Amino acid sequence: MQIRKRFWQDILSKKMLVCIFTGFTSGLPLFILISLLPAWLRSNQLDLKAIGLFALIQLPYTWKFLWAPFFDRFTWPMGRRRGWLLLFQALLLISIPLLGFYNPQTDLTIIVVIATLIAFLSASQDIVIDAYRRELLLDKELGLGNAVHVNAYKIASLIPGSLSLILADHFDWQTVFIVTSLFMLPGLVLTFVMKEPKVPQMKKRDLASSLLLPFQEFMHRHGLKSALTILLFIFFYKLGDSMATALATPFYLDLGFSKTEIGLIAKNAGLWPSVIGGLVGGIWMMKLGINRALWIFGFLQMISILGFAWLAHIGYSPQWLAIVVGFEAFGVGLGTTAFVAFIAKTTHPLYTATQFALFTSLAAVPRTLVNASTGYLQSLFGWENFFILCFLLAIPGMALLYKIAPIKN
């Protein structure tokens, strides 16, 4: 009884509530780009190759470490974290509705520009949120705090991936994008009321030194060989499941599911298993430790990819759609919780924004550069073999755990 009471006290603490709101705000713009945008383009008869290439608009998530040092070095009147957050959240609230004012058939270039701007603002917001969360949480709180963050991040997918798709069956896309953008408001309000974390401040140096020091510190702390192995692991650990879900919405549409069915079945079936997976992962990780969690959760994450291959084999089936999506969401919820906790623990307090951005940028590479090829790979192999390929590409990340996180530790 006492353990259960303590658990809920931890979940409902001020720190965890901050993680809920910042996680939701962080996830919303990304899921607009990877869920709602492809559905909008596919509904306007764009082919899969073109939609797959749209993954390139997410390049800011890959390169965000290049401008992350500015957020460690420069401070706004509201604080080093809160000031930047307010700026990016306000600009996102303005930018997202702009998509609905254009037609994919005639204004594709403008849509690419707006979508890239949203990706840049979203990636920049993520830099600040990740740094704020790392500075807010103690080391012992990283597992649960990141689990809460990941769950809220996943819950955000319910808006563009479910509610917005249902609205699209009844309203024009302009209204859909406006309504979707309004869900940025809770994060904007939180920015005004939350406190700035108290952390050691970086000594004032010239800009060139400020840009280089976070990278030098990481290399010096781990050694060149070990540091490069860590970076390689971060790239590969989420590669398979990232590719498998890159064309999820077009995949469901090609199987014959309506947008409403996708919104009600696929997205909702993925929500609660993802939330449960994240919470179970955060709690379980307290006992397992990060190393063992990376092994166990990573294996379940990898196996869940094969569910999509099975769905492609049997075709249209609402029941199997719910089962496959639910299992995949549970596995990825577990894997992501351990993965984000590993990244957070690897950062140094003085360079949180830059180092966190470097690691998450590498994790975003599969979602951008690699995922841009998914449309071509699907055309070459077909849906079933494409998902089997995604499963095979998840193996290198697991193999690197022998070096990164020996299970005996």
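Keep in mind it's a predicted model, so treat the numbers as computed, not measured. Just so you know, residue 1 is the first one in the sequence shown, and it goes up from there.
- Using a 4.5 Å heavy-atom cutoff, the side chains of Thr175 and Leu167 are not in contact.
- Leu41 has its side chain within reach of Leu37: a pair of non-hydrogen atoms, C-beta onward, lies under 4.5 Å apart.
- Side chains of Val325 and Tyr252 form a contact here, defined as non-hydrogen atoms less than 4.5 Å apart.
- Nearest heavy atom pair, residue Ser122 against residue Tyr61, reads OG-OH, 2.5 Å.
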Leu228 vs Met219, side chain to side chain contact (heavy atoms under 4.5 Å, CB included): CA-CA, chis, key distance, verdict: CA-CA 8 Å; Leu228 292 177; Met219 292 293 180; 4.2 Å; yes
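- Using modelled atom types, one side-chain atom of Lys15 and one backbone atom of Leu136 make a donor-acceptor pair closer than 3.5 Å.
- A donor-acceptor pair is defined here as one N or O able to donate and one able to accept, closer than 3.5 Å; no such pair exists between the side chain of Arg134 and the backbone of Ile343.
- Note that CG of Leu294 is 10.0 Å distant from CD of Gln301, once rounded to the nearest 0.5 Å.
- Between Phe88 and Trp84, the ring planes are parallel. Angles under 30° get that label, and only those over 60° would be called perpendicular.
- Leu85 places a side-chain heavy atom less than 4.5 Å from the side chain of Met194.
- When all heavy atoms of Ala156 and Gly27 are compared, the pair lying nearest together is CB-C, 3.9 Å.
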For a side chain to side chain contact (heavy atoms under 4.5 Å, CB included) check, start with the C-alpha distance between Asp254 and Arg42, then their side-chain angles and the critical distance, and finish with the verdict. CA-CA 10 Å; Asp254 283 0; Arg42 189 61 169 169; 3.2 Å; yes
Verify side chain to side chain contact (heavy atoms under 4.5 Å, CB included) between Leu288 and Ile296, making sure each step is shown before the conclusion. CA-CA 9 Å; Leu288 291 174; Ile296 298 172; 4.0 Å; yes
Counting only pairs under 3.5 Å, give me each side-chain donor-acceptor contact of residues 384-406, with atom names and distances, residues two or more places apart or in other chains.
unit_1	atom_1	unit_2	atom_2	d
Glu384	OE1	His313	ND1	3.4

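- A distance of 11.0 Å separates CG of Asp130 from CD of Glu135, quoted to the nearest 0.5 Å.
- By the 30° and 60° cut-offs, the orientation of the rings of Trp40 relative to Trp173 is tilted.
- For the pair Val340 and Tyr153, the minimum side-chain heavy-atom distance is 4.5 Å or more.
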Could you give me the CA-CA distance, side-chain angles and deciding distance for Gln89 and Thr191, then say whether side chain to side chain donor-acceptor pair (under 3.5 Å) is met? CA-CA 9 Å; Gln89 290 169 350; Thr191 302; 2.6 Å; yes
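- Phe183 and Phe24 have tilted rings, their planes meeting at an angle from 30° to 60° on a 0 to 90° scale.
- Here the shortest heavy-atom pairing between Val18 and Tyr132 reads CG1-CE2, 3.6 Å.
- At distances below 3.5 Å, not a single donor-acceptor pair connects side-chain atoms of Ser242 with backbone N or O atoms of Leu239.
- Of all heavy-atom pairs between Lys238 and Thr336, the closest is NZ-OG1, 2.7 Å.
- Nearest heavy-atom pair, Ala312 versus Trp383, reported as atom, atom and distance to 0.1 Å: CB-CB, 3.8 Å.
- For the atom pair CG of Leu28 and OG of Ser35, the computed distance is 10.5 Å after rounding to the nearest 0.5 Å.
- Using a 4.5 Å heavy-atom threshold, the side chains of Leu158 and Phe31 count as separate.
- Using a distance-only test at 3.5 Å, with no hydrogens or angles considered, no donor-acceptor pair links the side chain of Thr25 to the main chain of Met184.
- His170 NE2: more than 12 foreign heavy atoms inside a 6.0 Å radius.
- Aromatic ring centres of Phe342 and Phe233 lie closer together than 6.0 Å.
- With a 4.5 Å cut-off on side-chain heavy atoms, Thr260 and Leu165 do not count as touching.
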Quick one, Ile111 with Ile114, criterion side chain to side chain contact (heavy atoms under 4.5 Å, CB included). Give me CA distance, side-chain angles, the key distance, then yes/no. CA-CA 5 Å; Ile111 290 171; Ile114 295 173; 5.8 Å; no
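- Using modelled atom types, no side-chain atom of Thr245 and backbone atom of Ala248 make a donor-acceptor pair closer than 3.5 Å.
- For the atom pair CZ of Phe21 and OG of Ser26, the computed distance is 15.0 Å after rounding to the nearest 0.5 Å.
- Nearest heavy-atom pair, Arg81 versus Val128, reported as atom, atom and distance to 0.1 Å: O-CG1, 3.2 Å.
- The 12-atom threshold is not exceeded at CH2 of Trp63, counting heavy atoms of other residues, nucleotides or ligands nearer than 6.0 Å.
- In this structure, Leu93 CG and Leu121 CG are separated by 11.5 Å, a value rounded to the nearest 0.5 Å.
- Residues Ile118 and Leu33 meet the side-chain proximity criterion, which asks for heavy atoms closer than 4.5 Å.
- Atom CZ of Phe120 and atom CD of Gln125 lie 12.5 Å apart (nearest 0.5 Å).
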